[in-house]
Amino acid sequence: MPSSNEQPIPAARPVIGEEEIEAAVRVLRSGRVVQGPEVAAFEEEFSALVDGRHCVAVNSGTSALHLLLMAIGVGPGDEVIVPSFSFAASANVVRLVGADAVFVDIEPDSFCLDPAAVEAAITPRTAAIMPVHLYGHPAAMDRIMAIAAKHGLAVVEDACQAHGAALNGTPVGAFGAGGTFSFYPTKNMHSLEGGMVTTADAETARTLRLLRNQGMEQRYANEIVGANVRLTDVAAAVGRVQLAKLDGWTEQRIANAAYLSEHITAPNVVTPPLAPGARHVYHQYTVRIRGDRDAAMAKLTEAGVGNAVYYPTPIHRLKPYWEPDQKAGRDWDLPETEKAAAEVVSLPVHPSLGQGDLERIAAAVNALGENL
Ligand SMILES: *Cc1c(COP(=O)(O)O)cnc(C)c1O
């Protein structure tokens, strides 16, 4: 048991340091706060993370996914294959464009889309496949891209948790027709709120820029119907500061995860496996508890170790999906998804952890013992 004067270790710790504050104040003082030169510079700099792809900044990761689906023409009558084991945003954007989410099971090790299940779910209505690089682990993009090519389908990567992750040297966000990133405060880097779309196709990038700003390139010469999901220059300035620190933070997350995987030895606690060729950036360090998870979480909290379940309810069981499926007599068979939702717990892995924190986390998990 930790002594009572030890501070609890938070599950996540967003950084808003002096540099972020100075950058925001600099832009505020300039008086030029809406989308402008900071956003352009942020896009240019972020492009280095995704093999030089075009980058279009928007106000959230959800907007990034939404605009990308619109830009590649996904709409009513189309199906998009998505994992149910993800944040609701992954499926919400499919419904927001009027298409249907087709839920597919995950691989138990990576927690990401199972390529064999993807192929089995393809119908004449399938327009796109949306792998989610969950927790910062890249999905099996080599196999998913091969399936997509064989069937002529677009691949839309939800990389909102995976800034800097890669498979066999190719960064996430650089595989598919497009990729999306979130800069929400708890993500591996943030811009207060914000998001980025990445694409190799210049025409798609232009459409994305139009969609984010009322369909205008020239003011009041609207070319298409668009929204306003612009990022502010204040947010972009914060994002640029964070982007410059991302590599160092990622190395620290990887080192923290390596320490935990080496030192967590409790039976009935399964540490996160790594697929061959994968660069996992540990947005979350997620273990499986084979036993009474609620009791385990309560003990961790008592020991001052932050913990959380991402996500306790698979998307297909959330009301806006479950109710219409029930009415239509549609049932998804997602055993690995259900199992993961019942077993996972994420532990602190953020770069602010010190050696003492890591030791405390491993000790608290090992103290769960054999009687889970
Ligand atoms: C955070 C997240 C999103 C949405 O990003 P926001 O910036 O919060 O809109 C989408 N998908 C996944 C997997 C996420 O983790």
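Indexing begins at 1, ligand by ligand and atom by atom, following the structure's order. Residue numbers count from 1 along this sequence.
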A.B. asks: Please enumerate all residues that pass salt bridge (charged side-chain N to carboxylate O under 4.0 Å, His left out) together with Glu359, with sequence neighbours excluded.
C.D. replies: none
A.B. asks: Any luck finding a side-chain donor-acceptor pair between His190 and Glu20 under 3.5 Å?
C.D. replies: no
A.B. asks: Is Ser84 reaching over with its side chain to a backbone N or O of His316, donor-acceptor style, under 3.5 angstrom?
C.D. replies: yes
A.B. asks: Is there any protein N/O under 3.5 Å from an N/O of ligand 1, and what does the full list of such pairs look like?
C.D. replies:
unit_1	atom_1	unit_2	atom_2	d
ligand 1	5 (O)	Ser182	OG	3.3
ligand 1	7 (O)	Gly61	N	2.8
ligand 1	7 (O)	Ser182	OG	2.6
ligand 1	9 (O)	Gly61	N	3.3
ligand 1	9 (O)	Thr62	N	2.9
ligand 1	9 (O)	Thr62	OG1	2.5
ligand 1	11 (N)	Asp158	OD1	3.3
ligand 1	11 (N)	Asp158	OD2	2.8
ligand 1	15 (O)	Gln161	NE2	2.8
ligand 1	15 (O)	Lys187	NZ	3.0

A.B. asks: Just jot down the salt bridge (charged side-chain N to carboxylate O under 4.0 Å, His left out) partners of Glu79, sequence neighbours excluded, or say none.
C.D. replies: Arg125
A.B. asks: Do we see a donor-acceptor contact under 3.5 Å between the side chains of Ser261 and Tyr285?
C.D. replies: yes
A.B. asks: Does Glu19 have any salt bridge (charged side-chain N to carboxylate O under 4.0 Å, His left out) partners at least two apart in sequence or in another chain, and if so, which?
C.D. replies: Lys245
